[in-house]
Amino acid sequence: MTITTVRGVRDILPEEMVVWHALEQSARQIFTAYGYREIRTPLFEKTELFARAVGATSDIVEKEMYTFSDRGGDSLSLRPEGTASVVRSFIENNLHRSLPWAVYYMGPMFRYERPQKGRYRQFHQMGCELFGAEGPLADAEMMAMILRLLRTLQIDDSLTLEINSLGCGTCRAPYREGLFAFLQARQEQLCDNCRQRLQRNPLRILDCKNEGCRAIARQAPAMKDALCVGCADHFSGLQALLDGMGLPYTVNPLMVRGLDYYTRTAFEVTTTALGAQNAVAAGGRYDGLVAEMGGQAVPAIGFAMGMERLALLLEGKRAGKSGQVGNYLVAVGDAATRQALLLAEEWRAAGVPLQMDWLGGSLKAQLRRADRAAASQVLILAERELAERAVLVKDMRDGGQRLLPWEEVAAVLGALR
RNA sequence: GCGAAUGUAGCUCAGUUGGCAGAGCCCUGGAUUGUGGAUCCAGUUGUCGUGGGUUCGAGUCCCAUCGUUCGCCCCA
C-alpha cells in the first residue's frame, strides 16, 4: 500500500506555485507599502493561548483544534488562526512601548474540519495586525488595503465588503441579554441548531441561513440601535471615511464573527464564486483582547485572508504559465558533456542564468525538453563546437542560431541579468 | 458530526440486460544518423480505490471501508 497524504491536506505542486507566488508577492508589496512588517510566530503554541484568545466555547477551540501532549506533558495545539500568537508575541516582547506596531504574517493554519473545496485541514492564511490605533481611521485604511490587494490581483469582481459593529464590553452585554429574551420567547420557531445556540451564543443565531431563523433575526433588536455613544461614533466615523474614499460596502447588521474576541468593527469580504466557502477575507477590531491576555490595555485591529480561496479565484483568471528558464545547455557526447559542466559553472559564476539538460541523450530529445522547459535560448555543445571552443546558440522563438566562442558567452548572455 | 454524489491508464473520461479493459491527451521511438514546436507512423501505458459477498463468470449487482466532491455545520 502506497503512502498518501492525510485527509484534508495536500501538496501544492510547482505548476500551482505560480499563482501562489503572485499572491505572496503582491501581498508582501502592498502590506509593506502600508507600513506593515513581517512576523513569523511558531506553528504551535500552548493550548491555553487559543482557548483564552479565540474563546473556550468557540467551535474552533471546542472541536477543531489539533491538540496533543508533548513529552513533557504540556498540552499544545497547532495554530488554528494567526491573531492569538501575534497578540501573545506583542505582550511577551513588551511591544506596548513601541506603538504603533503593525505586522503581517502568512503561513499554514490547522483546523480539524470536514474538507471541502476551498477548505482544508492544513490551509494558509495571510493577515495583518495593527496595535495602538483606536480611531476608525485604522479600520477604514485596513479595508482600503485589502481591497487594493484584491484589485491588484484582479479578483475584485464578484466580491463584496460587508461591515458591522459588534459593540464593546459596555454595550454588548445588555444587548445580548435583550436579544436572548427576544429569541427565547420565539424558541419554538427556531431551527434545532439555533435552539442549542440560544444558550451558548445567541448572537450567532443572527446569521443562521435557515429561512425561519432569518425572518426572526430581521425582527430582532439590532445591535446598531444598542451601541453606546463611543461605539456609535466609531461606526459612523468609519462609514464617513469609507464614503470619503469611495469604497463600496454594505452594512450587514446580521453579520457576526465566529471568534469571541471581536469588538466594534467587524468586516468580511465575500465572493459568489466559491460556493459555500464564500469568505475570502475577514477581520475586525479587538480592543479588549490584549488586556484580557494579560497585557496593557491596547486597542488593535486585524484581518486574515484565506490563501487557498484566493488561489482558486486567481486560477480562474490567469493562464498560469509555469516558470521559464532563460538559457538551456545541451551537450552531446561524453567529452562535450564533461566540458559543458565546467563551462556552465564558469558562466554561472559570471552571472549567466543557465539550466543544464540533466538527462542527456540525443540532441533531438534534449531540444524537446528545452522546449518543454520554455527555454528562450539553447546553448548546444557537441563535437564540432568542442573542437572550435564555441557553442551554438539557438533562439527558440525564431529558430535562428549563431556560433559563439566560449570566452564571449558571459559577456553576451550575462548582460541579460 | 449529518445528508448526497462519485472513484476505470500520468491527465480528462467512455465502458450496453453481468461475457476478452477502451478513446483522446501526455510520454517514448521513427519519418529527419546534429535541431524543439506542426504533421504522419509505431509503441508503453491498468492491483478497474480497497476488502468481502452473489455468480459458471463482476469494471458492471450487494455489503463494508477509504479518498474526493457538493450541501449542512463552521469558517479564511
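Here is the naming used below: chain letters follow the sequence lines, and residue numbers restart at 1 for every chain.
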Identified pairing partner of [N], criterion: Watson-Crick or G-U wobble below 3.5 Å:
{"N": "B/G29", "result": "B/C41"}
{"N": "B/U65", "result": "B/G49"}
{"N": "B/U12", "result": "B/A23"}
{"N": "B/G3", "result": "B/C70"}
{"N": "B/U60", "result": "none"}
{"N": "B/G18", "result": "none"}

So [X], base contact, sugar-phosphate only, or nothing? Heavy-atom distance under 4.0 Å.
{"X": "A/E62", "answer": "nothing"}
{"X": "A/R397", "answer": "base"}
{"X": "A/G361", "answer": "nothing"}
{"X": "A/Y112", "answer": "nothing"}
{"X": "A/G127", "answer": "nothing"}

Nearest to the [X] side chain among [options], which nucleotide is it?
{"X": "A/K394", "options": "B/A4, B/G36, B/C75", "result": "B/G36"}
{"X": "A/R7", "options": "B/U68, B/G34, B/A76", "result": "B/U68"}
{"X": "A/K117", "options": "B/G36, B/C70, B/A76", "result": "B/C70"}
{"X": "A/R114", "options": "B/U35, B/G36, B/G3", "result": "B/G3"}
{"X": "A/R368", "options": "B/G29, B/A76, B/U69", "result": "B/G29"}
{"X": "A/L363", "options": "B/G34, B/U68, B/C75", "result": "B/G34"}
{"X": "A/P115", "options": "B/G36, B/U68, B/G34", "result": "B/U68"}
{"X": "A/R119", "options": "B/G36, B/A4, B/C73", "result": "B/C73"}
{"X": "A/F123", "options": "B/C73, B/G3, B/A76", "result": "B/A76"}

Polar pair under 3.5 Å, donor/acceptor by atom type, side chain A/E64, base B/G1: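 For A/E64, whose side chain was compared with the base of B/G1, there is no donor-acceptor pair (under 3.5 Å).
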So, under a plain 3.5 Å distance rule, would you say the side chain of A/Q401 forms a donor-acceptor pair with the base of B/U35?
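Under the 3.5 Å cut-off, the side chain and the base do form a donor-acceptor pair.
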Nearest-Å distance for atom pair [atom1]/[atom2], residues [X] and [N]:
{"X": "A/N278", "N": "B/C73", "atom1": "CG", "atom2": "C1'", "answer": "14 Å"}
{"X": "A/M65", "N": "B/G1", "atom1": "CE", "atom2": "P", "answer": "18 Å"}
{"X": "A/L403", "N": "B/U35", "atom1": "CG", "atom2": "P", "answer": "17 Å"}
{"X": "A/L367", "N": "B/U32", "atom1": "CG", "atom2": "P", "answer": "18 Å"}
{"X": "A/Q122", "N": "B/A76", "atom1": "CD", "atom2": "P", "answer": "17 Å"}
{"X": "A/L312", "N": "B/C75", "atom1": "CG", "atom2": "C1'", "answer": "15 Å"}
{"X": "A/K63", "N": "B/C75", "atom1": "NZ", "atom2": "C1'", "answer": "11 Å"}
{"X": "A/R384", "N": "B/U33", "atom1": "CZ", "atom2": "P", "answer": "13 Å"}

Does the distance from a Lys or Arg side-chain N to an Asp or Glu carboxylate O, for [X] and [Y], drop under 4.0 Å?
{"X": "A/E81", "Y": "A/R79", "answer": "no"}
{"X": "A/R10", "Y": "A/E16", "answer": "yes"}
{"X": "A/D74", "Y": "A/K46", "answer": "no"}

With rounding to whole Å, what would you report as the distance between [N] and [M] at their [atom1] atoms?
{"N": "B/U60", "M": "B/G19", "atom1": "P", "result": "11 Å"}
{"N": "B/C26", "M": "B/G34", "atom1": "C1'", "result": "27 Å"}
{"N": "B/U65", "M": "B/A9", "atom1": "C1'", "result": "25 Å"}
{"N": "B/G18", "M": "B/U12", "atom1": "P", "result": "28 Å"}
{"N": "B/U54", "M": "B/C61", "atom1": "C1'", "result": "8 Å"}
{"N": "B/A14", "M": "B/G24", "atom1": "C1'", "result": "10 Å"}
{"N": "B/C73", "M": "B/G10", "atom1": "P", "result": "39 Å"}
{"N": "B/U45", "M": "B/G53", "atom1": "C1'", "result": "32 Å"}

If you pin A/R372 and A/K364 to their nearest nucleotides in RNA chain B, which one's is more 5'?
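Between the two, 5'-proximity favours A/R372.
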- Start at the 5' end of RNA chain B and walk down; is the nucleotide closest to A/L392 or to A/V9 reached first?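 Checking each residue's closest nucleotide, the 5'-ward one belongs to A/L392.
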Fill in: Side-chain donor-acceptor pair present, A/T270, A/N278, cut-off under 3.5 Å
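Side chains of A/T270 and A/N278: no pair found under 3.5 Å.
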Looking just at side-chain N and O atoms, do A/S77 and A/T67 make a donor-acceptor pair shorter than 3.5 Å?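 The answer is yes; a qualifying pair exists.
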Q.
Students often mix this up, so state it plainly: with edges at 30° and 60°, are the rings of A/F90 and A/F131 parallel, tilted or perpendicular?
A.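 Answer is parallel, since the angle falls under 30°.
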Exercise. For A/I380 and A/E385, which heavy atoms make the closest approach, and how far apart are they?
Worked result: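 It is O-CG, 3.6 Å.
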Original post:
Can you name the nearest heavy-atom pair linking A/E45 to A/S85, along with the distance?
Top reply: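 Of all heavy-atom pairs spanning A/E45 and A/S85, the closest is OE2-OG, 2.8 Å.
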query = Does A/Q116 have a side-chain nitrogen or oxygen under 4.0 Å from the phosphate oxygens OP1 or OP2 of B/G71?
reply =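 Looking at the OP1 and OP2 atoms of B/G71, one of them is under 4.0 Å from a side-chain N or O of A/Q116.
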Would you indicate whether the side-chain heavy atoms of A/I146 and A/F267 approach each other to under 4.5 Å?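 Result yes, sub-4.5 Å side-chain heavy-atom pair found.
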